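Structure first, commentary second.
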Number of protein chains: 2
Amino acid sequence: MTVSVQAVADRAGVSISTVSRALRGVPGISQTTRKRVRDAAVELGYVASPSASRLATGRTRTVAVVVPLLTKWFFAEVIAAAGRVLSREGYDVLLTELSTVELRAGFFASPRLHGRSDGALVVAMQLGSEELASLEAQGQVLALVGSESAGASSVRVEDRIGGRAAARHLINLGHERIAFVGLRAGPGSTLGGVPPAERLLGYREALAEAGFPSDPGLEHVVENTVDAGAAAMAALLTAEEPPTALVAASDEIAFGAMATLRGAGLSVPDDFSIVGYDNHELAGVVGLTTMDHGVAEQGRLAAEALVAALAGAPAAVGRIEPRLVVRGSTAPPRRLRAGSR
Amino acid sequence: MTVSVQAVADRAGVSISTVSRALRGVPGISQTTRKRVRDAAVELGYVASPSASRLATGRTRTVAVVVPLLTKWFFAEVIAAAGRVLSREGYDVLLTELSTVELRAGFFASPRLHGRSDGALVVAMQLGSEELASLEAQGQVLALVGSESAGASSVRVEDRIGGRAAARHLINLGHERIAFVGLRAGPGSTLGGVPPAERLLGYREALAEAGFPSDPGLEHVVENTVDAGAAAMAALLTAEEPPTALVAASDEIAFGAMATLRGAGLSVPDDFSIVGYDNHELAGVVGLTTMDHGVAEQGRLAAEALVAALAGAPAAVGRIEPRLVVRGSTAPPRRLRAGSR
DNA sequence: CTGAAAGCGCTTACAG
DNA sequence: CTGAAAGCGCTTACAG
């Protein structure tokens, strides 16, 4: 049924050792022999048994990609970008979604990756020290996106700078009452929460620099869903002195906020300005001005760092600086515009 | 470093055969022995080497999930749902994205899954007979979503019924000029194309039943992107006698169409009605009436059929009937509404 | 440059 | 119910 090294060896008239060496491209094999073996392998449709190679070498040449959720645009984008470099580099990708606290606990309670992958690319999960220790005890080389750990590769997004730039853009347009809706992990969520916090810090920084008084009533922290964004916007509209603009910590929050405004008969950006965060694939359609934090690039950089580390390179940390993408959801506030009624 | 069967055997005072049997739950082991072995394994933190088990048994207990694209909501949703049942059933999931024709050709040219997975769950790719043969030669048990093949499990979505229901809804509201924007694989795309065609057939069927003349000018076929949807809508608006409603073969097409209408100053649904297809996670925010074809369920059903087939059950074909989800993007045409100016 | 042999860590008839 | 031994299909020192 299945073609083994022995079959190739017979056909090429060499030993199995030679077949193994010839096919893996190790040096110390004559050109003619190598060619003969390769031809035989091709003719027979031979491909080494992964299980056998893995057992013999102790290396799996597979990377586990672990995410809290697969169904959010952000994660799919990161995984896709990472997966492309991993498979280009000859690694299999073992997909692991830890979408509930039970799943997460179970995953770290036993050495589930041991012998299955050589490394793990962990996306947007703040790993506890026991969790990190568990992964390391399982012999995993690590690459983190959205979190950091000494000795592990990671990609760091300058979210404070991003949050600051978003708020700055609105300030520059003339807005003075600017709200912020940030992200919080929901109950039962396995998402980490540090980067969003940095976005909030950047927002506060910009306001302070502009000399605006800090106003806790302008800051909301909600789950990362469209509905939560819609609800937060609604709450903001009930304030004594409502804001004229919003920095949303994600595009999904922004989408929800836009829906609420539309429902209230308010126009974006004529009556209200919004800056999102992500540059979601659908941000363009709705004309959302947003912070692009190179989502695909996060995945790519992490995968590249992991591949390098698996080849013996020291852990590396990548850096991404978010940049503003101006579309139609931001404009000067009504009071500053000529011709406004 | 790594704990082997031998270590567990020593600690439990039995042979390695007994350890293996006790841990895998095979019958013919005394309760006391089994417990002793299990305790020893836990104390030692032992977990069998996957490579070794795979080599010995010839089974990998992993399933390859192959998709044309990871970054579309549809695929992420299907994979997530499938992945949850697969890992619940103890299978590893090997992720394979074939996003270009080169990648696809390379994948099928060599037995890339051989010895890596016991089965493959293939999403939305019309596999050619050579491709199917390749997979079978690699010993893969198959489950297909969005395509069918004799002997393979699959889940069939009644897209003709769905397309018909969408058009019907508009007809019932009183529309008489109803356009259709369908899906086509773009250049270099690896997407299959049969299900979308069925949606078109259903649409035509509904129009014929209503006695409307068929009008090719009302039918467009484009790539499945928001931009293509926007462009198609724009083209429709230039017709001599423009339609008053649209059946979009995907929600992304519908999103694009809505953007075009908004840009043209037309109101949905006051001036124009739209029915989408998918029930995309963001369909709710924009108030899109759409056909829900149980995307997550497609993944779940396929995975369940695959797991069953891997356990020896005969191939099964699941069936999903799309259902209309009415939101705010559809209404009677202007001419039928009282109080319209 | 090439081959014989040991070893990777399991599973599974075969005996008892 | 339990154990000794062969075998799964590779890789890799070790000799030559």
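None of the values given here were measured: they were computed from a predicted structure. Quick note on labels: first sequence line is chain A, next is B, and so on, each numbered from 1.
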Between [N] ([atom2]) and [X] ([atom1]): distance, integer Å:
{"X": "A:Lys35", "N": "C:dC1", "atom1": "NZ", "atom2": "C1'", "answer": "19 Å"}
{"X": "B:Leu23", "N": "C:dT11", "atom1": "CG", "atom2": "P", "answer": "8 Å"}
{"X": "B:Arg21", "N": "C:dT12", "atom1": "CZ", "atom2": "C1'", "answer": "8 Å"}
{"X": "A:Arg36", "N": "C:dC1", "atom1": "CZ", "atom2": "P", "answer": "14 Å"}
{"X": "B:Arg59", "N": "C:dC10", "atom1": "CZ", "atom2": "C1'", "answer": "16 Å"}
{"X": "A:Tyr46", "N": "D:dT11", "atom1": "OH", "atom2": "C1'", "answer": "10 Å"}
{"X": "A:Gln6", "N": "C:dG3", "atom1": "CD", "atom2": "C1'", "answer": "12 Å"}
{"X": "A:Ile16", "N": "C:dG7", "atom1": "CD1", "atom2": "C1'", "answer": "12 Å"}

Between [X] and [N], is there a contact of a side-chain N or O with OP1 or OP2 at under 4.0 Å?
{"X": "A:Thr57", "N": "D:dT11", "result": "no"}
{"X": "B:Arg24", "N": "C:dT11", "result": "yes"}
{"X": "B:Ser4", "N": "C:dG9", "result": "no"}
{"X": "B:Ser15", "N": "D:dT2", "result": "no"}

On DNA chain C, check which nucleotide each of B:Leu55 and B:Val26 is closest to and give me the residue with the more 5' one. B:Leu55
Looking at the side chain of [X], which of [options] is the nearest nucleotide?
{"X": "B:Ala52", "options": "C:dC10, D:dG3, D:dT11", "value": "C:dC10"}
{"X": "B:Ser53", "options": "D:dT2, C:dG3, C:dT11", "value": "C:dT11"}
{"X": "B:Ser30", "options": "D:dC1, C:dC10, D:dT11", "value": "D:dC1"}

Please report the closest heavy-atom contact between [X] and [Y], naming both atoms and the distance.
{"X": "A:Gly299", "Y": "A:Leu121", "result": "O-CD1, 4.5 Å"}
{"X": "B:Leu44", "Y": "B:Val3", "result": "O-CG2, 3.4 Å"}
{"X": "A:Gly83", "Y": "A:Val93", "result": "CA-CG1, 4.4 Å"}

Quick one: the side chain of B:Arg54 and the base of C:dG9, do they pair up donor-acceptor inside 3.5 Å? no
Is the backbone N or O of A:Ser117 less than 3.5 Å from a side-chain atom of A:Gln140, with the two atoms forming a donor-acceptor pair by type? yes
Is it true that a side-chain atom of B:Arg319 and a backbone atom of B:Arg156 form a donor plus acceptor pair closer than 3.5 Å? no
Report the residue (B:Thr33 or B:Ala56) whose heavy-atom-nearest nucleotide on DNA chain D is the more 5′ of the two. B:Thr33
Report the distance from atom CZ of A:Arg112 to atom NE2 of A:His114, rounding to the nearest 0.5 Å. 14.5 Å
Assigned partner base of C:dA4, Watson-Crick or wobble definition, under 3.5 Å: none
Write down the partner of C:dA13 under the Watson-Crick or G-U wobble criteria, each distance required to be under 3.5 Å. none
When we call it a touch if two heavy atoms are under 4.0 Å apart, what does A:Ser51 touch: a base, just sugar-phosphate, or nothing? nothing
Heavy atoms only, 4.0 Å cut-off, all strands: where does A:Ser17 land among base, sugar-phosphate and nothing? base
